[in-house]
S.K.: 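Before I ask anything, here is the structure I am working with.
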Amino acid sequence: MADQTGAQAVTAKPFLTDIKTLRQRARKHIEQGAITEGYSADRDTVVKLLNEALATEIICVLRYKRHYFMATGINAESVAAEFLQHANEEQGHADLIAQRIVQLGGEPDFSPEGLATRSHAEYVEGENLIDMIREDLVAERIAIDSYREMITYVNTDDPTTRRMLEGILAMEEEHADDLVSLLETMGK
Ligand SMILES: [Fe+2]
Ligand SMILES: [Fe+2]
């Protein structure tokens, strides 16, 4: 509770749970695996958000793969190499997210049906190399904003999911940076 000065009121609550309570709690609902009673996030919402992120990553893999195979022109080789690297890294993100969904007791949604609708980023083929890079940059910027929002939502309620999201966010920022550099190299 914040008072008028905005400072947090001091609570009498002890910082750590005593060992006995901790041990008793751990024995209850052991079938829930990593999810203990101390998990304070809304699990269904976290799983839902992670499934949207999973769809986004899959769409990004597909778009980068399409761009990788379709890249032609003078700068095609180095740009294609970048596309492929990003495709593989987005695949890595998708795998991390799917694994975390399972840990949270959810099911990763890999269904092709509605995939593009579940995804935050779009699948745009692009007419030429510059177009492709621009579309990828737009998608990365969408991913950056949505990961940042998810991190704010998860806050301190689920540190493991948060850490994963922060790692992914940092890489999406690198991707965006790489794409801007490519555009600059190509004088666009
Ligand atoms: Fe990603
Ligand atoms: Fe990315």
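Count residues from 1 along the sequence. When a ligand or atom number is given, it counts from 1 through the structure's own listing order. The structure displayed is predicted, hence computed values, not measured ones.
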S.K.: So that I can tick it off, tell me whether R118 and E52 are bridged by a salt bridge, with the cut-off set at under 4.0 angstrom between side-chain N and carboxylate O.
M.R.: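 Looking at R118 together with E52, the answer is no, because their closest N to O distance does not fall below 4.0 Å.
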S.K.: Can you tell me the N, O or S atom of E90 that's nearest the Fe ion (ligand 2)?
M.R.: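 Atom name returned: OE2.
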S.K.: Does H175 put an N, O or S atom under 2.8 Å from the Fe ion (ligand 1)?
M.R.: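 No, H175 does not qualify, because none of its backbone or side-chain N, O or S atoms lies under 2.8 Å.
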S.K.: Give, rounded to 10 degrees, the angle between ND1 (H93) and OE1 (E57) as seen from the Fe ion (ligand 1).
M.R.: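 Value returned, to the nearest 10°, is 110°.
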S.K.: Using a strict threshold of under 4.0 Å (side-chain N to carboxylate O), is an ion pair present between R148 and D145?
M.R.: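 Salt bridge: yes.
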S.K.: The Fe ion (ligand 1) to E89: any N/O/S contact under 2.8 Å?
M.R.: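 Checking the Fe ion (ligand 1) against E89, no N, O or S atom falls under 2.8 Å.
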S.K.: Kindly confirm whether the Fe ion (ligand 2) is within less than 2.8 Å of some N/O/S atom in D136?
M.R.: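 No, outside the cut-off.
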S.K.: Could you tell me which N, O or S atom of E172 is nearest to the Fe ion (ligand 2)?
M.R.: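 Considering only N, O and S atoms, E172 comes nearest to the Fe ion (ligand 2) through OE1.
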S.K.: Tell me whether V102 shares a hydrophobic cluster with L54, the cluster being built from Ile, Leu, Val, Met, Phe, Trp, Tyr side chains joined at under 4.5 Å.
M.R.: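 Hydrophobic grouping puts V102 apart from L54.
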S.K.: According to a 4.5 Å side-chain heavy-atom criterion applied to Ile, Leu, Val, Met, Phe, Trp and Tyr, with indirect links allowed, do V138 and M171 form part of one hydrophobic cluster?
M.R.: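 No, separate clusters.
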S.K.: Between E172 and H93, is the side-chain hydrogen bond (donor to acceptor under 3.5 Å, both in side chains) condition met? List the steps.
M.R.: CA-CA 10 Å; E172 308 305 6; H93 297 162; 3.1 Å; yes
S.K.: Do you see an N/O/S atom of E174, backbone or side chain, under 2.8 Å from the Fe ion (ligand 2)?
M.R.: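 E174 does not place any N, O or S atom closer than 2.8 Å to the Fe ion (ligand 2).
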S.K.: Should V124 and I58 be counted in the same cluster of Ile, Leu, Val, Met, Phe, Trp and Tyr side chains packed under 4.5 Å apart?
M.R.: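 No, V124 does not connect to I58 through the hydrophobic network.
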